[in-house]
Amino acid sequence: MRIGVYPGTFDPITLGHMDIIRRGAKFVDRLIIGVTTNIAKSPLFEDDERIAMVKAEVAEIDGDIEVVGFNSLLMDFADAQGASIIVRGIRGVTDFEYEYQLTGMNRQLNDRVETVFLMADVSLQPIASRLVKEIAIFGGDIRKFVTPSVRDAVVARIAERGLLQGER
């Protein structure tokens, strides 16, 4: 059985992430979406909230897809899951440079796991979770970037935390 891992913070999960999940699931028998916390980022949602959000969003996607939280090195997580493939989405050159370096480091840690890059759909390339949050914090419309349920969760969290900026 070919197992792949698609890791990310998914804070929040975007239409770009969903595209990579749909397409990545076709390359493996089982796709494990690894939800983690990036210590360099300030998450809007807690780990368990992001895991639940991703589970809800991928429930209707065809394929054997599992959502698992993790807080370890990606290569250790991949090993624990029995994965032989890491699936990564690339939006552009900047992503590629970062991912290229990360892949090299990961190969040094575990050369039994291959990384596969999927180019984001052209219409989804500009979407980044960080920008989605920023747009929402300033009262912008994020419907083009996330599903309605994710939009509602983001807007509610921003209101709950008093983060809404700009003219009201």
Side-chain angles (χ1 to χ4, degrees), residues 1-38 40-41 43 45 47-133 142 144-151 153-154:
M1 175 181 269
R2 181 172 290 182
I3 299 172
V5 168
Y6 177 41
T9 54
F10 305 103
D11 187 52
I13 187 168
T14 68
L15 297 179
H17 293 128
M18 296 294 291
D19 175 57
I20 298 299
I21 292 166
R22 275 188 201 90
R23 292 168 47 219
K26 294 176 185 177
F27 290 101
V28 294
D29 299 308
R30 178 178 215 192
L31 182 64
I32 299 169
I33 302 168
V35 180
T36 189
T37 298
N38 183 333
K41 299 178 182 179
F45 296 96
D47 293 355
D48 60 334
E49 293 172 313
R50 287 182 286 114
I51 291 167
M53 188 181 298
V54 173
K55 282 182 179 179
E57 294 301 312
V58 303
E60 302 300 317
I61 295 178
D62 288 335
D64 184 359
I65 299 172
E66 182 181 0
V67 181
V68 177
F70 77 101
N71 190 15
S72 65
L73 288 173
L74 175 56
M75 290 295 107
D76 291 343
F77 177 70
D79 250 355
Q81 300 303 313
S84 59
I85 296 172
I86 302 295
V87 175
R88 299 296 290 169
I90 301 286
R91 291 173 297 199
V93 175
T94 305
D95 279 355
F96 179 76
E97 289 177 2
Y98 171 75
E99 293 294 341
Y100 180 79
Q101 181 179 24
L102 192 60
T103 298
M105 294 296 286
N106 285 339
R107 295 275 304 161
Q108 295 293 319
L109 295 172
N110 184 343
D111 64 0
R112 295 177 311 278
V113 178
E114 291 292 338
T115 299
V116 175
F117 298 114
L118 295 178
M119 289 300 299
D121 182 273
V122 173
S123 66
L124 304 173
Q125 284 179 358
I127 302 174
S129 294
R130 176 183 53 81
L131 297 175
V132 168
K133 290 185 285 191
I142 59 172
K144 293 180 182 178
F145 314 120
V146 296
T147 64
S149 59
V150 171
R151 179 207 168 272
V154 170

**Q** Which value, rounded to the nearest 0.5 Å, describes the distance between Thr14 atom OG1 and Asp19 atom CG?
**A** 9.0 Å
**Q** Check step by step if side-chain contact (heavy atoms from CB on, under 4.5 Å) holds for Val113 and Leu74.
**A** CA-CA 10 Å; Val113 178; Leu74 175 56; over 6 Å; no
**Q** May I ask you to test the Val87-Arg23 pair for a side-chain heavy-atom distance under 4.5 Å?
**A** no
**Q** Might you confirm whether atom CZ of Arg130 has over 12 heavy atoms from other residues, nucleotides or ligands at distances under 6.0 Å?
**A** no
**Q** Is any side-chain heavy atom of Asp79 closer than 4.5 Å to a side-chain heavy atom of Asn110?
**A** yes
**Q** Give, for atom CG of Asp76 and atom CG of Asn71, the distance between the pair rounded to the nearest 0.5 Å.
**A** 11.5 Å
**Q** Minimum heavy-atom separation for Ile21 and Leu31, please, with both atom names.
**A** O-CD2, 3.7 Å
**Q** Could you measure the distance from the OG1 atom of Thr94 to the CD atom of Glu99? Nearest 0.5 Å is fine.
**A** 11.5 Å
**Q** To the nearest 0.5 angstrom, please state how far the CE atom of Met1 sits from the CZ atom of Arg30.
**A** 6.5 Å
**Q** Indicate yes or no: at least one non-hydrogen side-chain atom of Leu15 is less than 4.5 angstrom from one of Thr147.
**A** yes
**Q** Under the criterion side-chain contact (heavy atoms from CB on, under 4.5 Å), which of Thr103, Val28, Ile85 is the partner of Val116?
**A** Ile85
**Q** Of the non-hydrogen atoms in Ala83 and Val5, which two are nearest, and what is the gap between them?
**A** CB-CG2, 3.5 Å
**Q** Mind listing the closest non-hydrogen atom pair of Gln125 and Ala120 along with its distance?
**A** NE2-O, 3.2 Å
**Q** Do Phe45 and Val154 have side chains that get closer than 4.5 Å, going by heavy atoms?
**A** yes
**Q** Would you find more than 12 non-hydrogen atoms of other residues, nucleotides or ligands less than 6.0 Å from Asp62 atom CG?
**A** no
**Q** Would you give the length of the straight line joining atom CE of Met105 to atom CE of Met75, rounded to the nearest 0.5 angstrom?
**A** 11.5 Å
**Q** Locate the shortest heavy-atom distance separating Leu109 from Leu73; write the atom from each residue and the value.
**A** CD1-CD1, 4.4 Å
**Q** Examine distances only and state if a side-chain atom of Arg88 and a backbone atom of Pro7 form a donor-acceptor pair shorter than 3.5 Å.
**A** yes
**Q** Are side-chain heavy atoms of Pro12 and Val132 found at a separation under 4.5 Å?
**A** yes
**Q** Just by distance, no angles: are the side chains of Arg50 and Thr37 close enough, under 3.5 Å, to form a donor-acceptor pair?
**A** yes
**Q** Would you say the side chain of Met18 lies within less than 4.5 Å of the side chain of Val58, judging by non-hydrogen atoms?
**A** yes
**Q** Which atoms form the tightest heavy-atom contact between Ile65 and Ala25, and what is the distance?
**A** CD1-CB, 4.1 Å
**Q** Could you give the distance from CD1 (Ile86) to OH (Tyr6), rounded to the nearest 0.5 Å?
**A** 12.0 Å
**Q** Hey, does Ile51 have a side-chain heavy atom less than 4.5 Å from the side chain of Lys55?
**A** yes
**Q** How about Arg91 and Met119: do any of their side-chain heavy atoms sit closer than 4.5 Å?
**A** no
**Q** May I ask you to decide if the ring planes of Phe77 and Phe70 are parallel, tilted or perpendicular, using 30° and 60° as cut-offs?
**A** parallel
